[in-house]
Amino acid sequence: MAITRSKPKMGIKERYASMTRDLGWETSYQPMDKVFPYDKFEGIKIHDWDAWVDPFRLTMDAYWKYQSEKERKLYAVIDSFAQNNGQMGITDARYLNAIKLFITGVSPLEYAAHRGFAFAGRHFRGVGMRVASQMQSIDELRHAQTQLHAMSHYNKFFGGMHSSHLMYDRVWYLSVPKSYFDDAMTAGPFEFLTAISFSFEYVLTNLLFVPFMSGAAHNGDMATVTFGFSAQSDESRHMTLGIEIIKFMLEQDEANLPIVQRWIDKWFWRGYRLLALVSMMMDYMLPKRVMSWREAWEIYFEEAGTALFEDLSRYGLKMPKYYEVANWEKDHLSHQVWSTFYNYAGATAFHTWMPNDNEMEWLRDKYPDSFEKHYQPRFEHFIKEQKKGNRFFNNTLPMLCQTCQIPFIFTEPGDPTTTCFRETHYKGNRYNFCSDGCKDIFEQEPEKYIQAWLPVYQIYQGNCGGKEIEDVLRWYNFNLGEDNGEYLDSPDYDLWTQWKESQSRAV
Amino acid sequence: MSVNSIGDYSFDSRDKLENFHGAMLVFIQWEQHLVYCAPFAFPLPPDMLLGDVMKNIVLPAYAYHPDSEKATLEDFEKGQWLLDNKPLQADFTKSLAENGVKHQSILRVTIPGLDGLVGQGSAA
Ligand SMILES: [Fe+2]
Ligand SMILES: [Fe+2]
């Protein structure tokens, strides 16, 4: 019997072709339009699907190899973090409230991204895009899992981290990230990628990633830092998918431009509103600050974003609508948001507190045009009352924006003392919005947003566990008196103080 | 096009009036008092007197603000009112409906001289 020599190894290009395009075919038993029913209704015209090539030319076999190596390293670090009582190394237990927000508001988005990319990975008729989306789908599932694992160690000691997915589905402020992602997932695959891969991962991601990962590093949270490193190479692939999909749509047909521009306008604004949560984390929740929200916005959006859109102008794309409003809000956003969560500390699964003297000084320094005049008096009042034993808890429920679902806490552009209201009417009903950006999004697709599950109004309709606020908080699965309330009155604070005292006694 | 969809797509408003068990959603804000971060949302019967809404619901809700001690119910009635962005001559002896308040309406009131913690324009 003749011995056949094994074939020589394939080069990257060849392997990419055989592991992507060669896996697809023109279907003949069923028309392609029936096999791929979702890639035309959005109005995007594609003439040559093969024109899209993954710049990384990553194939599944290589993908598995890379990812399993990263996984091994990550879990080795997570294990030693737990064994060495890594929780003792953080700057201050206040820091963990950022982690609580992350695990309830961001990790479930990773899981949602896994689902969204699985959908895209099934429904593009171009094989290259399907494979790239499938790999991202697996990445995102891995992100959700590794975040839960990395942070689970803190859950052994601190409140607010025990029911992240249930809370994501029910809790009032978590409807902001949830509705953002549900909006993207219920669009077609092209809009989904424009929303998540481009508008979020390419344009805005640094505003999430930098504060969380540098914030973790600055504050001694090695669990999160390690996760961040492990996700980094995925992120660069995801960002590339984002920019490539935009270029691909714009190169394929001129008629795609207005659709893409409308999506970018929409998803810039939705993503920016979502980042309101990050702004307060940067300016208030990190015991050791990385940079201010204002600085981050200037570097990552005003500079980098402007350069990006200048570059994209050759396709006819313009800066996203209402970016000027976001630029104006950089002096106010974090303070308005922190003030809101201080108001509603009774109904959040993380703690809030007032900044100390050093932190007040930092805020004055970073926000010379706004903090001292508009926010310091408010905070000093809170502090004064709190010292008298009269910590403020706002016991009413707030009015919500129909689109972004955030309470009406934002002020008129140019006027930080007057709440901003916009409205529209649709089929005989009135709808209210926090901004022109949110109003425009509604008016493009009112039939979608009239179904919005707005937490406050759902409570009033009787759909959230009962009439009393306490019933609702139980339905949220809060451990009352542990997960919610003022930081200084929390079990977290007590435990941390005990640890620190016994540490200093040991020294 | 009211939505971009693959087929027929038509839904009821999730917050239609009928879902609120006889009440309507009303939003109320004492302007410039941003210690309270956002306007309040209340489910209120349309035939409730505006005066009762203010006395029994809104004023107690603002109790933490130092200005609330300085403002009487009368001051509020004489204040400058906006109903859905239009000036309103508020009548506390009439019902919400008689004052023109509808489902999802926004009531905003300003009392001249009571401008929050540190005076006009500071919004606290
Ligand atoms: Fe991810
Ligand atoms: Fe909004």
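Not measured: the values here are computed from a predicted model. In the text below, chain A, chain B and the rest are named by the order of the sequence lines, each starting its count at 1. Because only heavy atoms are used, hydrogens play no part in the values below, and waters and symmetry mates are left out as well, while side chains stay in.
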Exercise. At a heavy-atom separation under 4.5 Å, does A/Gln461 approach chain B through its side chain, its backbone, both, or neither?
Worked result: both
Exercise. Does a side-chain heavy-atom distance below 4.5 Å link B/Leu82 with A/Phe421?
Worked result: no
For this session: Please find out if less than 6.0 Å separates the ring center of A/Phe392 from that of B/His65.
Result: no
Problem set entry | Between CG on residue B/Asn4 and CD on residue A/Glu191, distance to nearest 0.5 Å | 7.5 Å
For this session: To the nearest 0.5 angstrom, please state how far the CZ atom of A/Arg391 sits from the OH atom of B/Tyr64.
Result: 8.5 Å
Exercise. So what's closer than 4.5 Å to chain B heavy atoms on A/Ala452: side chain, backbone, both or neither?
Worked result: backbone
Problem set entry | A/Glu42 side, atom CD; B/Ser5 side, atom OG - distance, nearest 0.5 Å | 11.5 Å
Problem set entry | Separation of A/Arg422 CZ from B/Asn85 CG (nearest 0.5 Å) | 8.5 Å
Problem set entry | A/Asn429 side chain reached by B/Gln104 side chain, heavy atoms, under 4.5 Å | no
Exercise. Does any heavy atom of chain B fall under 4.5 Å from the side chain of A/Tyr426, the backbone, both, or neither of them?
Worked result: side chain
Problem set entry | Closest non-hydrogen atom pair between A/Pro398 and B/Ala38, with its separation | CB-CB, 4.0 Å
Seminar exercise, completed: Assert top hit (heavy-atom pairs under 4.5 Å, partner chain B, pool A/Phe410, A/Phe382, A/Phe379, A/Tyr344) equals A/Phe382
Problem set entry | Closest-packed option against chain B by number of heavy-atom pairs under 4.5 Å, given A/Gln402, A/Glu385, A/Glu423 | A/Glu385
Exercise. So, do A/Thr411 and B/Leu34 sit near enough that their side-chain heavy atoms are less than 4.5 Å apart?
Worked result: yes
Problem set entry | Pairwise side-chain contact, A/Thr418 with B/Arg108, heavy-atom cut-off 4.5 Å (strictly under) | yes
Problem set entry | B/Ser13 side chain reached by A/Tyr431 side chain, heavy atoms, under 4.5 Å | yes
Seminar exercise, completed: Here the gap from B/Leu25 atom CG to A/Asn432 atom CG, rounded to the nearest 0.5 Å, amounts to 9.5 Å
Exercise. Taking the side chain as C-beta and beyond, is there a heavy-atom pair between A/Asn463 and B/Arg14 under 4.5 Å?
Worked result: no
Exercise. Where does the angle between the aromatic ring planes of A/Tyr457 and B/Phe27 fall among parallel (under 30°), tilted (30 to 60°) and perpendicular (over 60°)?
Worked result: tilted
Exercise. Picking from A/Asn390, A/Asn343, A/Ile409, which has the most non-hydrogen pairs under 4.5 angstrom with chain B?
Worked result: A/Asn343
Exercise. Are B/Gln29 and A/Thr419 close enough that a side-chain donor and a side-chain acceptor fall under 3.5 Å?
Worked result: yes
Exercise. Between the main-chain N or O of B/Tyr36 and the side-chain N or O of A/Asn394, is there a donor-acceptor pair closer than 3.5 Å?
Worked result: no
Problem set entry | Side-chain donor/acceptor of A/Glu447 to backbone N/O of B/Phe11, under 3.5 Å | yes
Exercise. What residue, out of A/Tyr449, A/Tyr460, A/Trp453, has the most heavy-atom pairs lying under 4.5 Å from chain B?
Worked result: A/Tyr460
Exercise. Does a side-chain heavy-atom distance below 4.5 Å link B/Ile6 with A/Tyr38?
Worked result: yes
Exercise. Where on A/Lys40 is there a heavy atom nearer than 4.5 Å to chain B: the side chain, the backbone, both, or neither?
Worked result: neither
Problem set entry | Derivation of the side chain to side chain contact (heavy atoms under 4.5 Å, CB included) call for B/Ile106 and A/Arg430 | CA-CA 11 Å; B/Ile106 305 166; A/Arg430 179 195 169 94; 3.5 Å; yes
Exercise. Does the side chain of B/Ser10 reach to within under 4.5 Å of the side chain of A/Lys427, using non-hydrogen atoms?
Worked result: yes
